[in-house]
Amino acid sequence: MTLGQTDGVRLLIVGPQGSGKGTQGIRIAEAFGIPAVSTGDVFRAAVAAGSDLGQQVKAIIEAGDLVSDELTSAVVRDRLSHADAEGGFLLDGYPRNVSQVMHLDEFLEGRGEGLDAVIELSVPRDESIARISLRAQEQGRTDDTEAVIANRLAIYERETAPILGVYRTRGIVDEIDGVGSLDEITHRIIAALEARGLSRSAAA
Ligand code: AMP
């Protein structure tokens, strides 16, 4: 498949809650000069602002359930249509199930684009639970309670992990060990992307 005239880099970062994907996503997006698009952040900001969207998703997020594919995909299409995402982007938290993968494929194909790489951050279950508990104390996120965390991890394993199988068949998944210092992990990701020929200078 020939992609459009794309200078930028189109990335997705995937990992269970507590894998550090939000933090690493921001670092990688900065390194490549592309916006980090986190659906969780968009929803949390909408809840905080009390907007229509926020009112629609508040209870769902607090239970750790998934917002509907239609609503989430509409939010992402809207965000990726902003000028700053024309030259590439890093998605964090979307797609989160196979149906969302199909929504995204259709949208990107319509623009003559596709994902260049999917970063899979691997962290043992015990470590991710420990990190979420720490974040719960530090940030007081309403969806970081024990029961909600268990629900979110179960949804990750049931619905989100299978998307990696889809992307693996396309040969675009880089599995990265998510245990180590922040800098070490960032360097591992950048090295894997550079090994694919995705260079930071091309995005500058
Ligand atoms: P996150 O910060 O990525 O863990 O997202 C926080 C919450 O936002 C999730 O637990 C879901 O309720 C909702 N959410 C984020 N991304 C999606 C998505 N792609 N599909 C459905 N719900 C989502």
Side-chain angles (χ1 to χ4, degrees), residues 10-29 35-81 85 89-108 115 118-123 125 127-167 176 178 189:
R10 291 170 181 83
L11 304 172
L12 162 64
I13 189 162
V14 182
Q17 288 70 25
S19 62
K21 72 180 167 61
T23 306
Q24 291 298 335
I26 290 168
R27 288 173 152 232
I28 298 303
V37 174
S38 154
T39 42
D41 283 352
V42 171
F43 290 143
R44 278 184 290 277
V47 170
S51 66
D52 280 355
L53 175 65
Q55 285 170 28
Q56 285 182 70
V57 303
K58 186 170 190 283
I60 300 169
I61 290 179
E62 284 178 356
D65 291 329
L66 292 187
V67 175
S68 77
D69 293 337
E70 289 67 28
L71 186 54
T72 311
S73 296
V75 163
V76 172
R77 285 196 302 270
D78 177 66
R79 177 63 189 86
L80 294 185
S81 301
F89 52 78
L90 177 143
L91 287 170
D92 162 10
Y94 179 94
R96 220 173 179 104
N97 58 30
V98 172
S99 148
Q100 294 181 7
V101 170
M102 293 189 304
H103 273 101
L104 180 65
D105 280 350
E106 201 183 317
F107 176 70
L108 292 181
L115 291 179
V118 176
I119 303 153
E120 175 189 2
L121 263 193
S122 298
V123 173
R125 199 187 160 89
E127 169 96 14
S128 52
I129 291 175
R131 291 186 193 175
I132 305 172
S133 309
L134 188 68
R135 183 174 71 191
Q137 288 162 22
E138 287 171 0
Q139 299 178 5
R141 262 174 62 164
T142 51
D143 58 354
D144 275 346
T145 64
E146 211 170 301
V148 175
I149 291 166
N151 187 32
R152 291 165 72 217
L153 284 172
I155 291 177
Y156 178 82
E157 276 152 29
R158 192 175 66 235
E159 306 220 13
T160 307
I163 76 171
L164 291 164
V166 176
Y167 288 125
I176 307 291
I189 298 172

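Just so you know, these numbers come straight off a predicted model, no measurement behind them. Numbering of ligands and ligand atoms starts at 1, following listing order.
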When you measure from atom 10 (O) of ligand 1 to each heavy atom in Lys58, Arg152, Glu159, which option holds the nearest one?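 It is Arg152 that holds the nearest heavy atom.
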
Selected option - heavy-atom contact closest to atom 12 (O) of ligand 1, from Asp65, Asp69, Ile132, Leu66: Asp65

Short version for Lys21: what comes under 4.0 Å of ligand 1, heavy atoms counted, is side chain

Within-cut-off N or O pair, [X] and ligand 1, under 3.5 Å:
X: Asp92; value: no
X: Gln17; value: no
X: Gly93; value: yes

Tell me the protein heavy atom at minimum distance from [atom], and give that distance in Å.
atom: atom 6 (C) of ligand 1; result: Arg44 NH1, 3.4 Å
atom: atom 23 (C) of ligand 1; result: Phe43 CE1, 3.8 Å
atom: atom 20 (N) of ligand 1; result: Gln100 NE2, 2.9 Å
atom: atom 3 (O) of ligand 1; result: Arg96 NH1, 3.0 Å
atom: atom 22 (N) of ligand 1; result: Val67 N, 3.0 Å
atom: atom 16 (N) of ligand 1; result: Thr39 OG1, 2.7 Å

If you define the side chain from C-beta out and look only at heavy atoms, does anything of [X] sit under 4.5 Å from [Y]?
X: Leu153; Y: Ile129; result: yes
X: Glu62; Y: Val148; result: no
X: Val67; Y: Thr39; result: no
X: Val37; Y: Tyr94; result: no
X: Arg135; Y: Arg131; result: no

Where is the tightest heavy-atom contact between Arg96 and Thr160, given as atom of each residue plus distance?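 Here Arg96 and Thr160 meet closest at O-OG1, 2.8 Å.
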
Which pairs, with at least one residue in residues 44-57 and sequence neighbours excluded, count as a side-chain hydrogen bond (donor to acceptor under 3.5 Å, both in side chains)? Asp41-Arg44

For Glu106, does the CD atom have more than 12 heavy-atom neighbours from other residues, nucleotides or ligands under 6.0 Å away?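 No - once you tally the heavy atoms of other residues, nucleotides and ligands closer than 6.0 Å, there are 12 at most.
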
Distance filter under 4.0 Å to Tyr94 heavy atoms, resulting ligand 1 atoms: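 Going through ligand 1 atom by atom, the ones under 4.0 Å from Tyr94 are 19 (N).
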
Rounded distance [0.5 Å steps], CZ in Arg125 versus CD in Gln17: 10.0 Å

